[in-house]
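Okay, structure first, notes after.
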Protein chains: 2
Amino acid sequence: MNEKQEVHRSFVFQVSDIVRLVRQNFSQEDGVDITRSQARVLISVWRNPGISQQALAGRLEIATMSVCRLVDALEGKGMLERRTDDADRRVRRLFVTEKTEPFIEKVLARIEAISDDFLAPLSTGERQTLENLLGRILSHASSKRTGTDQ
Amino acid sequence: MNEKQEVHRSFVFQVSDIVRLVRQNFSQEDGVDITRSQARVLISVWRNPGISQQALAGRLEIATMSVCRLVDALEGKGMLERRTDDADRRVRRLFVTEKTEPFIEKVLARIEAISDDFLAPLSTGERQTLENLLGRILSHASSKRTGTDQ
DNA sequence: AATATTAATAAGCTTAGCTTATGATATCTC
DNA sequence: GAGATATCATAAGCTAAGCTTATTAATATT
């Protein structure tokens, strides 16, 4: 039973394993048909209405092409809208559609619910500690990324 | 600059983001051409020589088909060997090839190096705390998985 | 002997990215 | 103002790390 834990408990594998389990938990449930990365985009656009795809890529630290694909999907579902910027007609400004607003709450709730599920075995204090440790790891890791930014 | 952190700091996104950065760091470097999940398989076979693909799937908590593909890749690189079990000729017993043994050290070192890289901003005590918290999350999450085990 | 179960695999799908090339615009330089 | 250069979005197609749904071969059950 606890032999199973012996596989290889380095940080790299620990986080990979957790993310695999998260992904498995993500899809189903409520009536909002959206993936984890689509949710990330949606929330980010909702928080930054009118952001360009380029800027969004910088903010999410993924390739502009990846943003483009994710926006394609969300636009296809009618959750996001691309509007051409009049001042610079190369850029597409992104907006959450009005009909989508109510879904945002659901998406946020789902993410919180899944997080809570995983954090269930930890005390409140431990959760804060964890968030702090992971946050520091993230800022450290993303601050030393080479280029691709902006 | 720290606006970038504001995206959405729930546990789900924190771990996803870290894993994305881990994957980007994984591939290159030393002379061992292997992916993260292949490494996971390789190490597990090395620690459990003669394990069947089925049993390995149970241990790694992934589908038998996924194991099959990963073993295909590793066998293609000559790092793993499938031997038919004489007693039950349906099962393939897995072994690390002799020429591969020396690579294992490299793979383990790489994983440790990447882990260390990410853990760099933490003190030794904090690292232990983190490992403990993530470990508990993992056992909790995988214990409530439905079946597929063993 | 006929049936059911199990181990592995073939085929093809999904998610979440990536790179490389191309088409529109904008901007900079002469 | 024209030509070169840079920038934003996107088309096309790749990789990694899974998945599901058959199918085949072998074993176990009845």
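Proteins come first, then strands; the chains are lettered A, B, ... in the order of their sequence lines, and each starts at number 1. Scope of the values below: all heavy atoms of this structure, side chains included, with no hydrogens, waters or symmetry mates. Computed from a predicted structure; not experimentally measured.
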How many Å lie between [atom1] on [X] and [atom2] on [N], as a whole number?
{"X": "B:Asn25", "N": "C:dC18", "atom1": "CG", "atom2": "C1'", "value": "15 Å"}
{"X": "B:Arg20", "N": "D:dA17", "atom1": "CZ", "atom2": "P", "value": "15 Å"}
{"X": "A:Leu56", "N": "D:dT10", "atom1": "CG", "atom2": "P", "value": "12 Å"}
{"X": "A:Arg93", "N": "C:dT25", "atom1": "CZ", "atom2": "P", "value": "16 Å"}
{"X": "A:Leu42", "N": "C:dA16", "atom1": "CG", "atom2": "C1'", "value": "17 Å"}
{"X": "A:Leu80", "N": "D:dA9", "atom1": "CG", "atom2": "P", "value": "13 Å"}
{"X": "A:Arg92", "N": "C:dT25", "atom1": "CZ", "atom2": "C1'", "value": "10 Å"}
{"X": "B:Arg23", "N": "D:dC14", "atom1": "CZ", "atom2": "C1'", "value": "14 Å"}

From CA spacing to verdict: side-chain contact (heavy atoms from CB on, under 4.5 Å), B:Ile137, B:Phe11 = CA-CA 11 Å; B:Ile137 287 173; B:Phe11 177 69; 3.9 Å; yes
If the condition is side chain to side chain donor-acceptor pair (under 3.5 Å), which residues does [X] pass it with, not counting sequence neighbours?
{"X": "A:Arg92", "answer": "none"}
{"X": "B:Ser66", "answer": "none"}
{"X": "A:Thr97", "answer": "A:Thr100"}

Name all residues meeting the side chain to side chain contact (heavy atoms under 4.5 Å, CB included) criterion together with A:Val91; count only those two or more places apart in sequence or in a different chain, and write none if there are none.
-> A:Ser52, A:Asp85, A:Asp88, A:Arg93
Think [X] has a side-chain N or O under 4.0 angstrom from the OP1 or OP2 of [N]?
{"X": "A:Arg36", "N": "C:dA16", "value": "yes"}
{"X": "A:Gln53", "N": "D:dT10", "value": "yes"}
{"X": "B:Gln38", "N": "D:dA16", "value": "no"}
{"X": "A:Gln54", "N": "D:dT7", "value": "no"}
{"X": "B:Ser37", "N": "D:dG18", "value": "yes"}

Ranking C:dT15, C:dA8, D:dA9 by distance to the side chain of A:Thr35, first place goes to C:dT15
Side chain of B:Ile62 only, please: which of D:dG18, C:dA16, C:dA8 is the nearest?
-> D:dG18
May I ask whether B:Leu122 and A:Val15 are part of the same hydrophobic cluster, defined by side-chain heavy atoms of I, L, V, M, F, W, Y residues being less than 4.5 angstrom apart, directly or through others?
-> yes
Using rotation axes that map the C1' atoms of four end pairs onto the next four (five pairs an end), what angle separates the end axes of the helix from C:dA1-D:dT30 to C:dC30-D:dG1, to 10°?
-> 0°
Is it true that a side-chain atom of A:Ser115 and a backbone atom of B:Val12 form a donor plus acceptor pair closer than 3.5 Å?
->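 Side chain of A:Ser115 to backbone of B:Val12: a pair is present.
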Listing, residues 70-81 of chain B side-chain donor-acceptor contacts under 3.5 Å, not counting sequence neighbours, or none:
| unit_1 | atom_1 | unit_2 | atom_2 | d |
| --- | --- | --- | --- | --- |
| B:Asp72 | OD1 | B:Arg82 | NH1 | 3.0 |
| B:Asp72 | OD1 | B:Arg82 | NH2 | 3.0 |
| B:Glu75 | OE1 | B:Arg82 | NH1 | 2.8 |
| B:Lys77 | NZ | B:Asp33 | O | 3.0 |
| B:Lys77 | NZ | B:Gln38 | OE1 | 2.8 |
| B:Glu81 | OE1 | B:Arg83 | NE | 2.8 |
| B:Glu81 | OE1 | B:Arg83 | NH2 | 3.1 |

Under a 4.0 Å heavy-atom cut-off, which of residues 68-79 of chain A touch DNA chain D?
->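 When residues 68-79 of chain A is checked for heavy atoms under 4.0 Å from DNA chain D, the hits, listed by number, are A:Cys68, A:Arg69.
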Could you please spell out the steps behind the side-chain hydrogen bond (donor to acceptor under 3.5 Å, both in side chains) verdict for B:Ser44 and B:Arg59?
-> CA-CA 9 Å; B:Ser44 205; B:Arg59 180 174 286 270; 4.7 Å; no
Tell me, which pairs form a salt bridge (Lys or Arg N to Asp or Glu O under 4.0 Å) where one or both residues lie in residues 121-136 of chain A, sequence neighbours left out?
->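 Pairs touching residues 121-136 of chain A that pass the test: A:Asp116-A:Arg127, A:Glu126-B:Arg136, A:Arg136-B:Glu126.
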Kindly write out the residues that satisfy salt bridge (charged side-chain N to carboxylate O under 4.0 Å, His left out) with A:Glu101, not counting sequence neighbours, or none if the list is empty.
->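 None.
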Residue list, salt bridge (charged side-chain N to carboxylate O under 4.0 Å, His left out) with A:Arg69, at least two apart or on another chain |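 So A:Arg69 forms no salt bridge (charged side-chain N to carboxylate O under 4.0 Å, His left out) with any residue.
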Between the protein and nucleotides 20-27 of chain D, list every N/O to N/O distance that falls short of 3.5 Å.
| unit_1 | atom_1 | unit_2 | atom_2 | d |
| --- | --- | --- | --- | --- |
| D:dT27 | OP1 | B:Arg89 | N | 3.1 |

